[in-house]
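Below is one structure, written out as structure tokens; comments come after it.
Basis for what follows: all heavy atoms, side chains included, without hydrogens, waters or symmetry-related copies. Order of the sequence lines sets the chain letters (A, B, ...), proteins ahead of strands, with each chain counted from 1.
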Number of protein chains: 2
Amino acid sequence: MTQVRPMRADARRNYERLLEVAVEAFAEHGENASLDDIAKRAGVGSGTLYRHFPTRQALLEAAFVDRLEGLAAKADEFAAELPPAAALTEWLNELCVATIQVRGLKALLGSAVTDGSSATVTACGVTVRGAATRLVDAAKKEGTLRPDIEPIELLRLAHGLATASELADGQGREIRRYLSLLTEGLRP
Amino acid sequence: MTQVRPMRADARRNYERLLEVAVEAFAEHGENASLDDIAKRAGVGSGTLYRHFPTRQALLEAAFVDRLEGLAAKADEFAAELPPAAALTEWLNELCVATIQVRGLKALLGSAVTDGSSATVTACGVTVRGAATRLVDAAKKEGTLRPDIEPIELLRLAHGLATASELADGQGREIRRYLSLLTEGLRP
DNA sequence: GCGATAACCGGGGACTGTCTCCGTTTGGTG
DNA sequence: CACCAAACGGAGACAGTCCCCGGTTATCGC
């Protein structure tokens, strides 16, 4: 899937410069940062940006792969040092916090778990789903998670909880509370 | 709070025409329907639209008051004919369904339950919070709802669940399932 | 080294949308 | 029926997205 011929040196330079700038810009202005502005800040024409990243989605994805892989790694850390149920909720908490606090990430994670009907399973979707699946399977095996729950459902619910928490204070202080409501239910 | 002097006839005509068109437009294109286009379709200049409705939010709100009041009325119907816990979940279901299926409504409901720190409690926010409060109080009194849960929290969570369900299939078929996960918890 | 050429660059421009400003029109009142 | 405040409307400034294409340049075979 890599280039048959390696990227030309200038192309690679621009590609990387764009990515750097994009990370900054998304952090600064959220998912809707102006693309033309990113191009300008990177010192390239907008044509160059759109050639490397045909859609905002593509750029967003490229800009956040590192962070998503970090998140996936964290899943395995938690799995190693905590009992399965705790590892799962701890990771979901981490995921929700990142969703809210890392500007621009929410849109990406959202589209990573939308129905999409097979086709466009984005790269980051694979990463995050993989991590979720490992934790979910462990918790089910332990018997502390309903067996009818799919990893992807949990990711969607986490996205929903992050949204709810964002409505509350915009900072995610309510995440732990909402997460515990989900795990324990609303009954007294 | 009504006009000291009643609206001029042409102003009222335009106001109502704009509202009609806005309802259609939001239904058709979602919350981001073009405002200038709404003005054009209503046969008025964009200046007129922006004078009557200074922000998209204002227009959205005016266009959906009816539906929101319908939703609030439904809360009282459910309260009258079902036990409190059932009435609450049934209404939350209704709310989530509307959130997803009525295009444009989601944005409005979202901002109706955001923190906002007192100040801008929109009219529709009051309506929907009132309905929720009545149902929540009844369920708490009955002892089938954790007493530490605020109505507004439940509205936010419902918004989150709607978001999650939207990610799943875009149609809200998962709402009941997600709602039951919330009420019962994730444990087997 | 050195040309040929495919790959790449960049910015101008078409398009869509938002929102304001101000000259013009109009409804209602005395 | 004349006046004037209220309301109109649309041109235009601005911002964003995305494409296109003439010009440039890195790389490969020699």
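- Taking every heavy atom of residues 24-44 of chain A and every atom of DNA chain C, pairs under 4.0 Å involve A:Gly43, A:Val44, by number.
- Taking OH from A:Tyr178 and OG1 from A:Thr163, the interatomic distance works out to 11.5 Å, rounded to the nearest 0.5 Å.
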Give each protein N/O atom lying under 3.5 Å from an N/O atom of nucleotides 1-3 of chain C, with the pair distance.
none

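- Between C:dA6, D:dC18, C:dC9, one nucleotide has an atom nearer to the side chain of A:Tyr50 than all others, and that is D:dC18.
- The structure places CG of A:Leu181 at 5.0 Å from CD1 of B:Ile149, a figure rounded to the nearest 0.5 Å.
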Residue pair B:Arg156, B:Glu150: steps toward the salt bridge (charged side-chain N to carboxylate O under 4.0 Å, His left out) verdict = CA-CA 10 Å; B:Arg156 288 178 185 144; B:Glu150 299 292 327; over 6 Å; no
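- Of the two residues near DNA chain C, A:Thr48 and B:Arg51, the one whose nearest nucleotide lies more 5' is A:Thr48.
- Rounded to the nearest 0.5 angstrom, A:Leu179 CG and A:Glu184 CD are separated by 10.0 Å.
- For DNA chain C, the residues of residues 53-64 of chain B within the heavy-atom distance limit of 4.0 Å (strictly under) are B:Arg56, sorted by number.
- Between A:His52 and the phosphate of C:dC8, there is no side-chain N or O to OP1/OP2 separation shorter than 4.0 Å.
- Atoms CG and OG1, on A:Leu88 and A:Thr144 in that order, are 8.0 Å from each other to the nearest 0.5 Å.
- Under a cut-off of 6.0 angstrom, the local environment of NZ in A:Lys74 is sparse, with at most 12 non-hydrogen atoms contributed by other residues, nucleotides or ligands.
- A donor and an acceptor atom sit less than 3.5 Å apart, one in the side chain of A:Arg8 and one in the base of C:dA7.
- Side-chain contact check for B:Glu174 versus B:Leu167: every heavy-atom pair is 4.5 Å or farther apart.
- Side-chain contact check for A:Arg173 versus A:Ser165: every heavy-atom pair is 4.5 Å or farther apart.
- With A:Asp10 as the partner, the side-chain hydrogen bond (donor to acceptor under 3.5 Å, both in side chains) test is satisfied by one option alone out of A:Arg13, A:Arg12, A:Arg8: A:Arg8.
- B:Asp36 places a side-chain heavy atom less than 4.5 Å from the side chain of B:Tyr50.
- Against DNA chain D, the stretch residues 10-21 of chain B makes heavy-atom approaches under 4.0 Å through B:Asp10, B:Ala11, B:Asn14.
- Contacts classified as salt bridge (charged side-chain N to carboxylate O under 4.0 Å, His left out) and involving residues 52-70 of chain A (residues at least two apart or in different chains) are not found.
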Please lay out, stage by stage, how A:Leu157 and B:Leu182 fare under the test side-chain contact (heavy atoms from CB on, under 4.5 Å).
-> CA-CA 10 Å; A:Leu157 286 167; B:Leu182 179 63; over 6 Å; no
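- For the side-chain hydrogen bond (donor to acceptor under 3.5 Å, both in side chains) with A:Lys106, the qualifying choice from A:Gln101, A:Glu31, A:Glu166 is A:Glu166, the only one to do so.
- A:Cys124 is listed as a side-chain neighbour of A:Leu108, based on a closest heavy-atom distance under 4.5 Å.
- Taking five base pairs at each end of the helix from C:dG1-D:dC30 to C:dG30-D:dC1 and finding the rotation axis that steps the C1' atoms of four pairs onto the next four gives two axes whose angle is 0°, to the nearest 10°.
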Derivation of the side-chain contact (heavy atoms from CB on, under 4.5 Å) call for A:Arg177 and B:Asp148 = CA-CA 11 Å; A:Arg177 174 167 162 77; B:Asp148 61 339; 3.3 Å; yes
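- The side chain of B:Ser46 has C:dC19 as its nearest neighbour among C:dG27, C:dC19, C:dC9.
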